[in-house]
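Reviewing the structure listed below.
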Amino acid sequence: MGEFYTGNKEYFKGIGKIKYEGPKSKNPLAFKYYDSKKTIGKKTMKDHLRFAVAYWHSFCADGTDPFGAATIHHPWSMNANNPMEAAINKMDAAFEFFSKLGVEYYCFHDRDMAPEGVSPTESEKNLRILVSKAKDLQKETGVKLLWGTANVFSNPRFMNGAATNPEFGVVALAATQVKAAIDATIELDGEGYTFWGGREGYMSLLNTDLKREKDNLARFLTMARDYGRKQGFKGPFYIEPKPMEPSKHQYDFDTETVIGFLRHYGLDKDFKLNIEANHAELANHDFVHELETAAVEGMFGSVDANRGDPRNGWDTDQFPISYYETAMAMYVILKMGGFTSGGLNFDSKIRRNSIEPADLFIAHIGGMDTFAVGLEVAQRIIEDAIIPNFIENRYASFKTGDGARFAKGDLTLEELSKIGMNSGYGNIGLTSGKQEYLENIFNQYLLGI
Ligand code: XLS
Ligand code: CA
Ligand code: CA
């Protein structure tokens, strides 16, 4: 192929391969900080960041919101004679976009890629046709699949949930989709498979058997895990926490809840976390809190890169723009050795009034630049080691003497209490936490000083 892929028709006309032009460039269609080949530490930016484009937001979402109709009219859908033709055109547009932007990965739901048919058999057939086209385009462009998933929340049949639905028949229909989506992920060499429990939760406890629903969810995930492994899928399964919306309460509330759930049901060896920034915010957590919580438990998998709006409480899925947030995120990710199977998937959508085709590029360029800056800042923090050393030294009292015995689990409560008794009140523990000092240093790193 040439510099980028175009099918029978070029959808993003007038936009070529997006290039790195450096921080002084005013070209909206150029990278200012993301220089794919630049080495940071031991790896290139590209290998650190493992960017993915989300098929659903970028090629399916049309700006519809609860108060108004579509504003973004995709040429690949508008001029097609039927849903399958639209899906085929959409895939050409998607791979044109991936190859012009220069991302390594994409992510998809079954229904983003192929339309539902009149029966489960026809739906599977539709998906297989598009998967075979995707396989060819992946080969042609070198773009890879980060993860696949099944949309078992949009169709009205899932209004009461998928795996947690009170009707067994709906649970079985969710299984037909999940099985086919796992097959598609394997066929496309996907590196992971995601479960986001959109409607796996409840609206009211007056109609819900919470224990049964959680058991059913675990049973369903176990079956999916067993099927995937039987078919030779070696990658991680991801659970993506979200506290609410569309349900009032979702079972995968946040990282800590999901880890507890996975361990309780014996799924923690095969499942990891896919952490979304906006969902962290909805759970009243910082994004970095969710990342760190997963990382310290060895459960971190992948990231859905986006942001919410601090002034409202719903899932706005905006593109990341905060250097502070991406620097903190990349610091956690670098500290634990970087991504293994996961990556940074832009689960972000352009605003309803961003209606020019170029807006989709500009949004992704901004997100990629923001993470590139975050990566550079995080690398500085690690190389300089002031912050990591500060944290290490803060716990120095657990490294020697009785503190070390405590850390090893060698003390009883009686012994510990006696140590306290003997030491007296004195000045123990009155050491400054130095938060402001560390925040100031962090700001210096942000400006590259
Ligand atoms: C919705 C979720 C969804 C998952 C994939 O809020 O973010 O898009 O990432 O099903
Ligand atoms: Ca997401
Ligand atoms: Ca979201």
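Counting convention: from 1, in listed order, for ligands and their atoms alike. Here the structure is a predicted model, which means the values were calculated and not measured.
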task = Examine the proximity of ligand 1 to Asp317 and report which part, side chain or backbone, both or neither, has a heavy atom under 4.0 Å away.
result = neither

Per-residue contact class, Asp315 against ligand 1 - non-hydrogen pairs under 4.0 Å = side chain

query = Does the gap between the ring centers of Tyr106 and Phe98 come in under 6.0 Å?
reply = yes

message = Taking the six-membered ring for Trp, are Phe51 and Tyr105 closer than 6.0 Å centroid to centroid?
response = no

key: Identity and separation of the nearest protein heavy atom to atom 9 (O) of ligand 1   = Glu240 OE1, 2.7 Å

request  = Please write down residue, atom name and distance for the protein heavy atom closest to atom 10 (O) of ligand 1.
outcome  = His109 NE2, 2.6 Å

query = Non-hydrogen atoms of Asp304 versus ligand 1: any pair closer than 4.0 Å?
reply = yes

inquiry  = For His279, state whether at least one heavy atom is located under 4.0 Å from any atom of ligand 1.
reply    = yes

key: Of the protein N/O/S atoms, how many lie under 3.0 Å from the Ca ion (ligand 3)   = 6

For residues [X] and [Y], is any side-chain donor paired with an opposing acceptor at under 3.5 Å?
{"X": "Trp314", "Y": "Asn278", "result": "no"}
{"X": "Asn165", "Y": "Asn160", "result": "no"}
{"X": "Ser341", "Y": "Glu191", "result": "no"}
{"X": "Glu10", "Y": "Thr6", "result": "no"}

Which N, O or S atom of Glu240 lies nearest to the Ca ion (ligand 2), by name = OE2

task = Give yes or no for whether the N/O distance cutoff of 3.5 Å, strictly under, is met between Trp196 and ligand 1.
result = no

key: Heteroatom proximity flag, Thr149 to ligand 1, N/O under 3.5 Å   = no

ask   = What orientation do Tyr193 and Phe237 show, parallel under 30°, tilted 30 to 60°, or perpendicular over 60°?
value = perpendicular

ask   = Relative to the ring of Phe442, is the ring of Tyr324 parallel (under 30°), tilted (30 to 60°) or perpendicular (over 60°)?
value = tilted

Any sub-3.5 Å donor-acceptor pair from [X]'s side-chain atoms to [Y]'s backbone N or O?
{"X": "Glu290", "Y": "Asp254", "result": "no"}
{"X": "Lys335", "Y": "Glu292", "result": "no"}
{"X": "Asp359", "Y": "Ile355", "result": "yes"}

query = What atoms of ligand 1 come within less than 4.0 Å of a heavy atom belonging to Trp56?
reply = 8 (O)

query = What are the atoms of ligand 1, with element, lying closer than 4.0 Å to any heavy atom of Glu276?
reply = 7 (O)

